[in-house]
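Read the structure below first, then the notes.
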Amino acid sequence: MFTKAILRKPGRSLVKGLRSSDLGTPDHSLALRQHASYVEALWQCGLETIVLEADEDYPDSVFIEDVALLTPCCAVITRPGAESRRGEIYEMKKVLGEHYEQIYEIEKPGTIEAGDIMMVGKHFFIGISERTNIEGARQMISFLESNGMAGSTIDLEKVLHLKTGVAYLENNNLLACSEFLKRKEFSSFNIIDVDPAESYAANCIWVNDNVLVPSGYPITRQRIKDAGYKTIEVDVSEFRKLDGGLSCLSLRF
Ligand code: CIR
């Protein structure tokens, strides 16, 4: 179970965030309202939230998940593959110092963004992507192993981050879009298949037996409900314009 989440409000500079397609420019005031609704959804799941002020120097800093991996016994500050995001780690170090005694840091030439890391109990799957390299994954796995946990890598083909395409919903249930349906690494999970027309909805989050689902993906929401979960819909349309989804907007621990 999670008890807390760290988030960062979106700044006006959000309009300059990285994006791989043109779904339009995010509307800052709508993004702020959507962010506030996301915070409320986390409250509904019983979490205490720590909401950091916007950092205008880093347009993508609202996607706070990418700069740290939080585990039950330690935290790891990442080294984002996107150069424009590297400076996001400095304030994160200070914030995490208030919550963790053991904090590690990924070093050059390793790169890793935690959107590429999926926690399944004590095992962490790490996607090798344009943002996360083998050296970053190697360092991460050694930190995990020295704390009684483990990790393994999985090559990504199409998605930006591993969790763009898969979400672990606990109880051995894995929500997965097409790229991951037949992967041997995931063959022991019960797969909840995301319809290709709703591939964005593969990025859901499990929070204390609730699943947050993005608004506008009814087939996926129904499949998750059919698997026995309570669902909470959250509209994240403005973050989707920058390739961000539900998981990216918080660090849950
Ligand atoms: C980026 O390209 O870094 C941001 N615009 C989106 C990051 C999304 N993060 C994630 O999937 N964990």
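Remember, it's 1-based here, ligands and their atoms both numbered in the order they're listed. The structure displayed is predicted, hence computed values, not measured ones.
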- Message: Do Ile6 and Leu52 have side chains that approach each other closer than 4.5 Å (heavy atoms only, starting at C-beta)?
- Response: yes
- State, with a plain yes or no, whether a side-chain heavy atom of Thr78 is found less than 4.5 Å away from one of Asp66. no
- Item | Within reach of ligand 1, part of Arg85 (heavy-atom separation under 4.0 Å) |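 Looking at Arg85 and ligand 1, just side chain atoms fall under 4.0 Å.
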Heavy-atom nearest neighbour in the protein, as seen from [atom], with distance rounded to 0.1 Å:
| atom | result |
| --- | --- |
| atom 6 (C) of ligand 1 | Leu242 O, 3.2 Å |
| atom 11 (O) of ligand 1 | His161 ND1, 2.9 Å |
| atom 9 (N) of ligand 1 | Asp66 OD2, 2.9 Å |
| atom 4 (C) of ligand 1 | Asp60 OD1, 3.2 Å |
| atom 10 (C) of ligand 1 | Cys248 SG, 2.9 Å |

Under 4.0 Å from any heavy atom of [X], which atoms of ligand 1 are there?
| X | result |
| --- | --- |
| Asp243 | 8 (C) |
| Gly115 | 12 (N) |
| Glu65 | 12 (N) |

- Task: Run the salt-bridge test on Arg79 and Glu105 with the 4.0 Å N-O cut-off and return the result as yes or no.
- Result: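 So Arg79 does not pair with Glu105 through a salt bridge.
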- Query: If you measure from the Lys or Arg side-chain nitrogens to the Asp or Glu carboxylate oxygens, is any gap between Asp116 and Arg131 under 4.0 Å?
  - Reply: no
- Query: Would one find more than 12 heavy atoms of other residues, nucleotides or ligands at under 6.0 Å from atom CD of Glu130?
  - Reply: no
Whether [X] and [Y] hold their rings parallel, tilted or perpendicular, with breakpoints at 30° and 60°:
| X | Y | result |
| --- | --- | --- |
| Phe186 | Phe125 | perpendicular |
| Tyr217 | Tyr200 | tilted |
| Phe239 | Phe63 | perpendicular |

- Query: Among Glu113, Arg131, Arg19, which one has a heavy atom closest to atom 3 (O) of ligand 1?
  - Reply: Arg131
- Contact (N/O only, under 3.5 Å) between Gly245 and ligand 1: no
